[in-house]
Amino acid sequence: MTISEQHTPVLIVGAGPSGLMMAAQLLRYGIQPVIIDNKQGPTDESKALAVQARSLEIYRQMGLIDRVLEGGKPAEGLSFSVDGKKAASLSFNNVGEGQTAFPFIHLYQQSKNEKLLLDFLTLHVCPVYWETNLISLKQTAQGVEVNLQNSEKCTALTCDWVIGADGARSAVRKLSNIPFSGDTYANEFYLADVEMDNEELNDDFVHLYLSKQGFSGFFPMPEANRYRVIGNLPNILENKEDLKVEDILAYLEDVSGISPKIKHNYWFTTYRLHHRMADKFREQRCFLIGDAAHIHSPVGGQGVNTGLQDAYNLAWKLAGVINGRLKESILNSYAAERMPVARTLLNTTDRVFNMVMSNKWYTRLFKTYLMPSVLKFAWNNKGIKEALFKRVSQIDINYRESAINLQISQSTKIKAGDRLPYLKVFDEKKQEETDLHEWCSKPGFTFIVLGKLAESDLFTLAKWITQNYSSILNFFYLPPSAKNLHVFEAFEINPNRVKSLIIRPDMHIGFINDKVDMVLMDNYLKNIVGTTDLS
């Protein structure tokens, strides 16, 4: 398929999960991008497996959550063994209850993520141009000039913006001369997607095994008796050509103590792991998201989820600029908000992974005798358990230090920059239950007033919104009631007081105030967020 356009507002290079999410989010705001990929088509390999709660919240906002839940399944827990002996068994059953609509770790392959998002693009008449390479990139004062090559011809295209979602070997990053700092882990690893007939694994638990030889893991997949098997290769097998799954079975049994009964092999590969991060996520009109910006070990199933959220963070800002509703300065907040997240993730996964792979005597001592007790203690402590879930699920990520947030509140628990907490709400008029996240389902900002307002004040607010922000601000009002007392307690609202919130399109709190003040909200929207004249 040949690209017919000569100009596009956004060129997305890379049609993996991050690039597809970027395109899907832009389409929600009426922006039609051009998206290319050098592959022949979408992946048919399972690849990344875990979809965390924060990503599920994004899919819910997009109206896609039913399909994601139907196509996957929650992991029931984690079984951890050292030298063939079970050391700990941690149940994931409702581990995040009350913190999110999705209090679990959802097993849903990357290939399914891609198919889901591709279908969304097809529904919005946005094709992916496969087998198309980015050959050159030149930035000018007016935009970006690129040359694209496919089997038919070379196409020149001008773009207002370019998104590099093209993975660890990103052409956008290289052509923008952005360093990719980091290193490669010493070991070589294997990954197998197989159907197995082992009763000891049929509990939907993730089974991890550590031994002197290394580690192995069995991850249940949504399909019956199907597993993702991972581990490190023994030195004798590293760099061996034409390695097959049969070659690692004896070693796998030695590490795990399980005799693997493989009925069918869907995919087997070997690879090396890297921990790298781009020195910057933006170069003028070019942005990096996903693996093009950061790669790390698969500890905690964070990779794809972080890339999805990179796209989610950037898309509403870029769409606002293209649609003329936000000033271009808001784009500076993408790197400012997402680089600290990537850096923290890189450091955390690096420390955990190095500990798992280390064979130093004191590390072996810790893994064998101390770590099981530490894990059990942590899992039996409600506060620690909740904190661990928040970290792994990525619902604890906040942008409190961001320049596009404004805190005018004495709140100590919930602050500007935090993800809007998942709190159920009872609608007294409709006599039905909803939640705060449901209120944020439409594109744009969400304005929420919590507390009792007079009818005249509500009329004044409605008039203010209509005259100034009707195209970007969705308004919700929650007066006090017995069934909603928990909402007011969570936001530390005293009796007979009110609180005003402006929720960003990515469901992070942008503005929070202990009263309703249109002057301060005007200041936030016009001078801090940078909304343009919308009247």
Side-chain angles (χ1 to χ4, degrees), residues 57 60-61 63 97-103 395 398 400 405-526 528-529 531 534:
E57 291 175 352
R60 183 193 183 200
Q61 190 185 45
E97 191 70 41
Q99 301 180 55
T100 172
F102 313 103
I395 64 174
N398 71 75
R400 288 186 177 184
N405 300 322
L406 183 59
Q407 172 87 10
I408 317 175
S409 171
Q410 299 301 312
S411 300
T412 59
K413 298 176 183 177
I414 301 171
K415 296 188 176 184
D418 290 350
R419 157 190 165 271
L420 179 69
Y422 172 75
L423 293 169
K424 292 184 178 180
V425 176
F426 186 77
D427 189 320
E428 299 285 359
K429 287 187 177 180
K430 296 182 179 179
Q431 289 293 298
E432 62 183 27
E433 190 177 73
T434 180
D435 59 78
L436 294 183
H437 286 195
E438 180 67 23
W439 286 1
C440 301
S441 58
K442 292 182 179 180
F445 292 80
T446 304
F447 173 35
I448 300 174
V449 173
L450 303 173
K452 182 65 176 176
L453 288 183
E455 287 292 331
S456 58
D457 292 332
L458 286 171
F459 176 79
T460 301
L461 277 177
K463 183 178 179 181
W464 172 73
I465 293 170
T466 301
Q467 292 179 341
N468 298 279
Y469 305 105
S470 60
S471 60
I472 67 164
L473 205 56
N474 305 301
F475 177 50
F476 289 87
Y477 168 56
L478 185 69
S481 70
K483 291 185 177 181
N484 291 314
L485 182 61
H486 62 286
V487 178
F488 289 80
E489 290 176 345
F491 282 95
E492 303 171 84
I493 303 175
N494 296 324
N496 303 316
R497 300 301 296 269
V498 298
K499 187 157 289 191
S500 55
L501 307 159
I502 296 178
I503 314 304
R504 302 170 7 165
D506 56 6
M507 286 197 295
H508 282 262
I509 300 170
F511 171 93
I512 183 167
N513 190 8
D514 291 334
K515 59 182 179 178
V516 179
D517 188 321
M518 287 178 288
V519 173
L520 291 176
M521 289 189 290
D522 261 328
N523 173 63
Y524 170 70
L525 290 167
K526 292 178 179 177
I528 295 178
V529 172
T531 56
L534 301 170

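Model, not experiment: these values are computed from the prediction. Nothing fancy with the numbering, it's 1 onward along the sequence.
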inquiry  = Any heavy-atom pair between the side chains of Leu423 and Phe491 that's under 4.5 Å?
reply    = yes
Rounded to the nearest 0.5 angstrom, the NE2-CG distance for His508 and Asn405 is 9.0 Å
Could you list the donor-acceptor pairs under 3.5 angstrom formed by side chains in residues 442-464, with sequence neighbours left out?
{"from": "Thr460", "atom 1": "OG1", "to": "Ser456", "atom 2": "O", "distance (Å)": "2.9"}
{"from": "Trp464", "atom 1": "NE1", "to": "Asp522", "atom 2": "OD2", "distance (Å)": "3.2"}

query: Taking C-beta and beyond as the side chain, do Glu57 and Ile395 meet within less than 4.5 Å on heavy atoms?
result: yes
| request: Taking the side chain as every heavy atom from C-beta outward, state whether Arg419 and His437 have any pair of such atoms under 4.5 Å apart. | output: yes
In this structure, CD of Gln431 is separated from CZ of Phe426 (nearest 0.5 Å) by 4.0 Å
So Leu436 and Phe476, do their side chains get closer than 4.5 Å, heavy atoms only? no
Looking at Gln407 and Ala416, would you say the former's side chain and the latter's main chain have a donor-acceptor pair under 3.5 Å?
yes
*Any side-chain heavy-atom pair of Asn474 and Trp439 under 4.5 Å*: no
Residues at least two apart in sequence or cross-chain that pass side-chain hydrogen bond (donor to acceptor under 3.5 Å, both in side chains) with Glu428, listed by chain then number, are Ser481
Open item on the list: Tell me if a side-chain donor or acceptor on Asn494 pairs with a main-chain N or O of Arg497 at a distance below 3.5 Å.
Closed with: no
* **Donor-acceptor contact present, side-chain Asp418 to main-chain Lys415, <3.5 Å** => yes
- Query: Do Leu485 and Val487 come close enough that some side-chain heavy atom pair is under 4.5 Å?
  - Reply: no
Residues at least two apart in sequence or cross-chain that pass side-chain hydrogen bond (donor to acceptor under 3.5 Å, both in side chains) with Asp514, listed by chain then number, are Ser409, Lys499
Output for pair (Ile528 CD1, Asn523 CG), nearest 0.5 Å, gives 5.0 Å
Minimal heavy-atom distance between Leu406 and Ile408, with the atoms involved, is CD2-CD1, 3.6 Å
Closest non-hydrogen atoms of Arg504 and Asp506, given as atom of the first, atom of the second and distance, are NH2-OD2, 2.8 Å
Tightest non-hydrogen contact, residues Met507 and Cys440, listed as CG-CB, 3.8 Å
d(Asn484 CG, Glu489 CD) to nearest 0.5 Å is 11.0 Å
Phe488 and Leu478 have their tightest heavy-atom pair at CZ-O, 3.4 Å
Worksheet item: Counting distance only, does the side-chain N/O of Asp435 pair as donor-acceptor with the main-chain N or O of Glu438 below 3.5 Å?
Response: yes
dist Asn398:CG -> Ile414:CD1 (nearest 0.5 Å) comes out at 12.5 Å
Q: May I ask you to decide if the ring planes of Tyr524 and Phe511 are parallel, tilted or perpendicular, using 30° and 60° as cut-offs?
A: tilted
Tightest non-hydrogen contact, residues Gln99 and Tyr422, listed as O-CB, 3.5 Å
Rounded to the nearest 0.5 angstrom, the CG-CG distance for Leu501 and Leu420 is 7.5 Å
* To do: Would you check if the side chain of Asn513 reaches a backbone N or O of Ser500 as a donor-acceptor pair within less than 3.5 Å?
  => no
Are any side-chain N or O atoms of Glu433 and backbone N or O atoms of Lys424, one a donor and one an acceptor, separated by less than 3.5 Å?
no
On a heavy-atom basis, the closest approach of Asp517 and Val519 is OD1-N, 3.0 Å
- Using a cut-off of 6.0 Å, state whether more than 12 heavy atoms not belonging to Gln410 lie near its atom CD. no
